[in-house]
Amino acid sequence: MKTYGLSIDVSPTDALLEEVRWTAGHVAWLRARVQEVEQDALIWGRTKREDHGATEFPGINETEQAAPSVWLDLYQRERKHLLDVCKAAIGAGIEERRVRLAESQGALLASVIRAILDDLALTPEQAARVPDVVPRRLRAVA
């Protein structure tokens with residue numbers, strides 16, 4: 001019976017990056033909730049409410065005290081979690097690997113373009129235009 005989720009196949013790298021993305025989304029959502037709370041309510045509010053109803057002490061008893069809002073507390077906890085998962089991702093070298101992958105893909109693309117241009121047997125005039133045309137077209141795609 002599925003209650004809390006089923007296991008899925010995922011690489012540790014993908015799971016860590018997914019956690020960073022989800023947590024960043026949670027932080028943004030909680031930030032919006034905190035910004036909706038009145039300033040005084042962020043640190044002062046009702047912490048306990050008891051309804052005595054038909055007992056020997058009828059009525060409602062409320063306790064107020066200075067304490068962080070639940071929204072503020074959740075926001076701060078989620079911010080801490082985001083910091084922790086970002087540190088873990090950086091510690092795992094994920095960004096460095098992504099940069100290396102992008103560099104190797106760029107080098108592969110450059111070698112393919114060179115091979116295509118070589119196969120076309122361009123005239124000297126056409127070959128002289130390559131340094132202008134190819135980078136301009138690649139920037140347009142990026």
Side-chain angles (χ1 to χ4, degrees), residues 1-122 125-142:
M1 182 169 163
K2 182 175 85 169
T3 301
Y4 200 57
L6 301 173
S7 70
I8 58 173
D9 289 331
V10 64
S11 75
T13 300
D14 290 342
L16 191 52
L17 288 175
E18 186 72 11
E19 185 63 17
V20 168
R21 287 189 288 268
W22 275 107
T23 303
H26 295 160
V27 167
W29 186 84
L30 287 165
R31 181 181 299 121
R33 302 296 74 76
V34 167
Q35 290 172 340
E36 292 170 355
V37 175
E38 290 184 33
Q39 186 175 358
D40 290 344
L42 285 175
I43 58 168
W44 183 267
R46 183 175 58 205
T47 58
K48 185 177 179 182
R49 182 173 197 238
E50 295 176 352
D51 184 354
H52 298 289
T55 66
E56 62 183 274
F57 304 106
I60 296 175
N61 183 18
E62 293 184 351
T63 302
E64 291 190 1
Q65 69 180 30
S69 157
V70 171
W71 289 117
L72 185 58
D73 183 53
L74 290 172
Y75 174 58
Q76 296 295 355
R77 288 181 196 214
E78 199 66 17
R79 288 180 65 208
K80 169 77 169 89
H81 180 64
L82 178 59
L83 181 63
D84 291 344
V85 293
C86 286
K87 283 180 182 177
I90 290 168
I94 291 173
E95 279 304 310
E96 183 180 318
R97 279 182 277 189
R98 290 172 68 171
V99 167
R100 281 197 312 263
L101 178 61
E103 289 171 343
S104 68
Q105 288 173 336
L108 178 62
L109 180 60
S111 68
V112 167
I113 290 171
R114 276 193 295 277
I116 291 169
L117 294 173
D118 288 345
D119 289 349
L120 291 173
L122 301 175
E125 294 82 22
Q126 291 170 325
R129 293 182 58 210
V130 166
D132 175 54
V133 173
V134 173
R136 181 169 32 91
R137 292 296 184 174
L138 290 176
R139 281 192 298 274
V141 172

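What you are looking at is a predicted structure, and each value in this text was computed from that prediction instead of being measured. Just so you know, these numbers use all the heavy atoms, side chains as well, and skip hydrogens, waters and symmetry mates.
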Steps toward side-chain contact (heavy atoms from CB on, under 4.5 Å) verdict (Ile113, Arg137): CA-CA 12 Å; Ile113 290 171; Arg137 292 296 184 174; over 6 Å; no
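- Checked for salt-bridge contact, Lys80 and Asp84 meet the test: a charged N lies under 4.0 Å from a carboxylate O.
- The local environment of CD in Glu38 is sparse, with at most 12 non-hydrogen atoms from other residues, nucleotides or ligands closer than 6.0 Å.
- The two atoms that bring Ser69 and Ala41 nearest to each other are CB-O, 3.7 Å, heavy atoms only.
- Heavy atoms of other residues, nucleotides or ligands lying less than 6.0 angstrom from CZ of Arg33 number more than 12.
- Looking at every heavy atom in both residues, Val34 comes nearest to Tyr75 through CG2-CB, 3.8 Å.
- The environment of Asp118 atom CG is dense: over 12 non-hydrogen atoms of other residues, nucleotides or ligands sit within 6.0 angstrom.
- Counting heavy-atom neighbours within 6.0 Å of Arg129 CZ, excluding the residue itself, gives a total of 12 or less.
- Distance check, rounded to the nearest 0.5 Å: CD of Gln105 to CG of Leu101 gives 4.0 Å.
- Residues Leu30 and Leu74 come closest through the heavy atom pair CD1-O, 3.7 Å.
- A donor-acceptor contact shorter than 3.5 Å links the side chain of Arg97 to the backbone of Ala92.
- For the atom pair Arg114 CZ and Leu109 CG, the distance stands at 9.5 Å (nearest 0.5 Å).
- Ion pairing of Glu103 with Arg100 is absent here, as no side-chain N (NZ or NE/NH1/NH2) approaches a carboxylate O to less than 4.0 Å.
- Glu19 CD to His26 NE2: the interatomic distance, rounded to the nearest 0.5 Å, is 7.5 Å.
- Heavy-atom contacts from other residues, nucleotides or ligands closer than 6.0 Å to CH2 of Trp29 number more than 12.
- Looking at Leu72 and Val37, their side chains never come closer than 4.5 Å, going by heavy atoms from C-beta outward.
- The neighbour count for Arg136 CZ, taken as heavy atoms of other residues, nucleotides or ligands under 6.0 Å away, is above 12.
- When all heavy atoms are compared, the tightest approach of Val20 to Cys86 is CG1-SG, 4.1 Å.
- Residues Gln76 and Arg79 have side chains that bring a donor and an acceptor to within less than 3.5 angstrom of each other.
- Of all heavy-atom pairs spanning His81 and Thr23, the tightest one is CD2-OG1, 3.3 Å.
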